[in-house]
Amino acid sequence: MLKSCLLVACIQLMQLARAACTSCMVDVYENLYKTAFEKSLDYEFPVDSRSHQAISNTAEPTDFGDYDFVVIGGGSTGAVLASRLSEIPDWKVLVIEAGDWPDELVSITSASYKITIMSDYNWGYYSVPQNNTCLGFEGNRCPLPRGKGLGGTSLLNALIYVRGNRHDFKKWCDMGNPGWCYEDVLPYFLKSENFHLTNKDAPVDAKYHNTSGPLWIEQPVPLHEHHKVFLKANEEMGYKIRDVNGEEQIGAMPFQINTKKGRRQDSGTAFLKPVLDRTNLNVMHNSLATKIVFDGQTAVEVHFLNKGIKYKVGVKKEVILSAGAINSPQLLMLSGVGPAEHLQELGIKVVADLPAVGQSYSDHLQVHGLVFTSNLSEPIPPLRKSIKEFLEQGTGDWAEAAPTQAVGYYRTRLEKTPGYSDLELSFQDTNATTDAMSNCYRWKSNVSSSISIVNASSSFQIFATPLHTNSLGQVTLKSADPLDFPLVDPNILSDEEGQDFEIVYEAIQFVLNLTQQEAFRKIDAKFSHQPLLECSDEEFMTKDYWRCAAKYIVNHNNHPVSTCKMGPDSKGNVVDHTLKVYGIANLRVADASVIPLSTSSHINSICYMIGEKGADMIKADWLNSI
Ligand SMILES: Cc1cc2nc3c(=O)[nH]c(=O)nc-3n(C[C@H](O)[C@H](O)[C@H](O)COP(=O)(O)OP(=O)(O)OC[C@H]3O[C@@H](n4cnc5c(N)ncnc54)[C@H](O)[C@@H]3O)c2cc1C
Ligand SMILES: *[C@@H]1O[C@H](CO)[C@@H](O)[C@H](O)[C@H]1NC(C)=O
Ligand SMILES: *[C@@H]1O[C@H](CO)[C@@H](O)[C@H](O)[C@H]1NC(C)=O
Ligand SMILES: *[C@@H]1O[C@H](CO)[C@@H](O)[C@H](O)[C@H]1NC(C)=O
Ligand SMILES: *[C@@H]1O[C@H](CO)[C@@H](O)[C@H](O)[C@H]1NC(C)=O
Ligand SMILES: *[C@@H]1O[C@H](CO)[C@@H](O)[C@H](O)[C@H]1NC(C)=O
Ligand SMILES: *[C@@H]1O[C@H](CO)[C@@H](O)[C@H](O)[C@H]1NC(C)=O
Ligand SMILES: *[C@@H]1O[C@H](CO)[C@@H](O)[C@H](O)[C@H]1NC(C)=O
């Protein structure tokens, strides 16, 4: 009797202690969050990389020893490669990463758009001033957020896990890249994946998922009411609710995202942290690679800066450049690999004349301003409630990067191939434009007031993303100095035939049609976009209005690709189908820059696939030749 009494008392005490502990943990996280948030409000981006500057410019680089493989950039792709290459105990692998390891705050999934995007974890790039697009941003410069740190851009992205359409990879193959067809790449998507069904109501095509890889995938729960309306309206329009990562892509689904029990699964956390005890793997953070040094056509050294000291590391087998779609072409050019004319103008000695380096820059588009009001109101949970749910269950709005939980893929009349999507809609409720996001984007005030949400609990917006674009931009060097930021000209909506605007217009019409379906009528959904002052010469809602508005409200979708394009020859391409740089013996590029044609999806999972496949190709080359 006494014993059982004691037991009950003991359990009660433990529960009390746990409750007190949770409440103190909520305090800790609330504090962490509020402090970081305050700091982010005053944060200003650097305008160059001079924070990495060497203390002495003349000192000879300090010898850092020799490594079999030097991976430059520990981002989405680089982390996968380093993890897989270091599985071979005989291979010494070095990762050189410019940024830091993610801190506790970064691991809070929702911190990215609210805080991290305005911190040292973002390089803080902006485009060169644009003449015809990005006119809604200060200085007419498109924002170009890029992650800096172990995990790269997956430290600040929305973690949306979508793999693209099988026709994307068929096209890659047809362009002269054997081994990159859908059947070839699917096993590499699966190899990474650790799928967790967290929303029992969401359709999942189990055949297309693996449950034992290193990268967690979950579905955000609970699903917000507005998102249910979006999915219902899709059905009313004849689209299936399906796993868009499964057999067929066209249709809509509740998101699959890269979180582990609600925490951010960036690539460093998923792929590198678990293997850091390998003695053959060395990860150098806060280290800026400044040059790849060649002996003839062979990479022999990489130079980098760490805490003001300049180092050189010897390369025994290969250099793998995974610095992303902006920095990979920059570092190639700084090292003498790129368009000869451009390099000579800047006084850089040409190692290999590759005119395609930095060219073919392309991206998806994002149409802003498709905002609506409704009479369905969902209360915004108080901060402490969100924190508690996040800590205890790993769910709720702290477990999501943005209040976006559903996506759809569609084929408009402009896409001829059956089953191939050329339009994505992602649905977002509450105000997606957080302070940090608007400080990063720098919307001009008279534009943002036309396209903002008016009621935080009942408004919603739909981001329309045209997927197949024709406009090409470029990355060039500002100077031969590795501490200068490169010049980026996204040049969106610039194609001569105006096809990219046609799909933007089609996308807007599609969204207007979707929001007139019964499900949206039931919540009295109304378009709340205010006519842009800048377009007051055009009649509101006409095609000419949207042609004008597009210059202000269409941005790229943060998915730049093709600046080190993969293809069959060195004329329009930089790497071959094994990711080897043309004209160089032992240098590969592996990141979003090799993507020859953007996929009908977001591209982070594609980067993981490139990392997995790249590592396998390297293993095949070096292990079979021994
Ligand atoms: C705001 C935003 C939201 C996004 N949302 C999604 C999403 O929800 N889903 C999705 O699939 N995709 C999303 N993306 C896109 C996706 O995250 C990126 O395309 C992807 O992370 C790119 O991977 P990467 O390996 O090419 O480059 P990165 O991940 O950018 O890695 C490059 C790494 O190299 C390092 N580096 C660069 N230069 C040097 C140097 N000189 N020396 C040393 N290190 C260097 C960088 O610091 C970085 O860590 C988003 C992107 C952004 C910006
Ligand atoms: C914009 O126009 C100016 C003036 O014609 C030109 O100098 C500049 O290069 C153009 N910018 C871009 C990004 O095309
Ligand atoms: C699942 O992942 C594990 C670990 O990466 C891998 O060994 C296995 O082959 C994968 N399964 C499939 C079906 O790809
Ligand atoms: C927001 O919309 C809801 C639902 O229509 C309404 O109840 C509420 O009063 C609105 N709030 C404001 C600030 O307009
Ligand atoms: C939405 O964000 C914009 C830009 O930050 C802001 O001006 C507006 O007041 C916000 N709307 C609501 C309802 O919070
Ligand atoms: C939108 O609906 C109208 C009227 O039903 C139709 O003519 C048009 O083709 C639709 N457009 C799109 C892009 O769905
Ligand atoms: C919302 O509007 C619809 C359509 O007008 C109406 O049928 C419904 O009752 C309204 N709901 C609320 C909660 O006001
Ligand atoms: C928009 O705002 C800017 C300054 O904020 C101003 O220079 C410009 O004239 C405005 N445009 C219109 C059409 O009002």
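Ligands are counted one by one from 1 in listed order, and the atoms in each one are counted from 1 as well.
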What orientation do [X] and [Y] show, parallel under 30°, tilted 30 to 60°, or perpendicular over 60°?
X      : Y      : answer
Phe64  : Phe304 : perpendicular
His529 : Phe527 : parallel
Trp172 : Phe169 : perpendicular
Phe485 : Tyr125 : perpendicular

Are [X] and [Y] an aromatic pair by the rule of ring centers under 6.0 Å?
X      : Y      : answer
Tyr43  : Phe45  : yes
Phe463 : His368 : yes
Tyr608 : Phe189 : no

Report, in ascending order of atom number, the atoms of ligand 3 lying under 4.0 Å from any heavy atom of Lys191. 2 (O), 4 (C), 5 (O)

Between ligand 1 and Phe304, can you find any atom pair, the residue atom being a heavy atom, that is separated by under 4.0 Å? no

Any non-hydrogen atom of Ser593 lying under 4.0 Å from ligand 1? no

Closest protein heavy atom (residue, atom, distance) for [atom]:
atom                    : result
atom 53 (C) of ligand 1 : Pro145 O, 3.2 Å
atom 14 (O) of ligand 3 : Leu190 CB, 3.4 Å
atom 52 (C) of ligand 1 : Asn558 CB, 3.5 Å
atom 40 (C) of ligand 1 : Ala289 N, 3.7 Å
atom 27 (O) of ligand 1 : Gly324 CA, 3.6 Å
atom 36 (N) of ligand 1 : Trp123 CZ2, 3.8 Å
atom 31 (O) of ligand 1 : Gly75 CA, 3.3 Å
atom 24 (P) of ligand 1 : Thr77 OG1, 3.7 Å

Rounded to the nearest 0.5 Å, how far apart are NE2 of His602 and CD1 of Ile160? 4.0 Å

So, regarding [X] and ligand 1 (criterion: nitrogen or oxygen to nitrogen or oxygen, under 3.5 Å), is there a contact or not?
X      : result
Thr153 : yes
Asn604 : yes
Ala98  : yes
Ile160 : yes
Ile72  : no
Asn157 : yes
Leu159 : yes
Ile603 : yes
Ala158 : yes

Which ligand 1 atoms are under 4.0 Å away from a heavy-atom of [X]?
X      : answer
Ser287 : 42 (N), 43 (C)
Gly149 : 47 (O), 49 (O)
Leu288 : 40 (C), 41 (N), 42 (N)
Ile96  : 43 (C), 44 (N)
Tyr113 : 1 (C), 3 (C)

Nearest heavy atom to [atom]: which of [options] does it belong to?
atom                    : options                        : answer
atom 26 (O) of ligand 1 : Cys440, Ala592, Gly611         : Ala592
atom 4 (C) of ligand 4  : Ser459, Ser377, Ser457         : Ser377
atom 48 (C) of ligand 1 : Pro482, Ser76, Ala323, Gly147  : Gly147
atom 8 (C) of ligand 4  : Leu376, Asn455, Val454         : Asn455
atom 33 (C) of ligand 1 : Gly164, Gly78, Ser322          : Ser322
atom 35 (C) of ligand 1 : Gln330, His285, Glu97          : Glu97
atom 14 (N) of ligand 1 : Arg163, His559, His602, Met284 : His559
atom 2 (O) of ligand 3  : Thr211, Asn210, Asn194, Leu186 : Asn210

Strictly by modelled atom types, are Arg141 and Ser127 linked by a side-chain donor-acceptor pair under 3.5 Å? no

Can you tell me if NZ on Lys273 sees more than 12 non-hydrogen neighbours from other groups inside 6.0 Å? yes

Just wondering, do Leu332 and Val574 contact through their side chains at under 4.5 Å, heavy atoms? yes

Least distance between heavy atoms, [X] atom then [Y] atom:
X      : Y      : value
Tyr161 : Met253 : O-CE, 4.5 Å
Asn375 : Lys522 : OD1-O, 4.2 Å
Ile117 : Cys440 : CG1-SG, 3.9 Å
Glu612 : Arg84  : OE1-NE, 2.6 Å

Looking only at heavy atoms of Ser374, does any of them come nearer than 4.0 Å to an atom of ligand 4? yes

Under the side chain to side chain donor-acceptor pair (under 3.5 Å) test against Ser600, which residue among His468, Glu424, Gln249 passes? His468

Is Arg50 paired with Asp481 through a side-chain N to carboxylate O contact shorter than 4.0 Å? yes

Would Ser458 count as being in polar contact with ligand 4, using the rule that some N or O on each side must be under 3.5 angstrom apart? yes

For ligand 1, indicate whether the residue [X] contacts it via side chain, backbone, both or neither (heavy-atom separation under 4.0 Å).
X      : result
Thr290 : neither
Cys607 : side chain
Tyr161 : neither
Ala401 : neither

Are the side chain of Glu218 and the backbone N or O of Gly262 linked by a donor-acceptor pair below 3.5 Å? yes

Answer yes or no: is there a donor N or O on one side and an acceptor on the other, between the side chain of Thr469 and the main chain of Asp363, under 3.5 Å? yes

Between Arg442 and Tyr126, is NZ or CZ placed under 6.0 angstrom from the six-membered ring centre and within 45° of the ring axis? yes

Among Leu331, Val581, Val575, whose side-chain contact (heavy atoms from CB on, under 4.5 Å) with Leu321 holds? Leu331

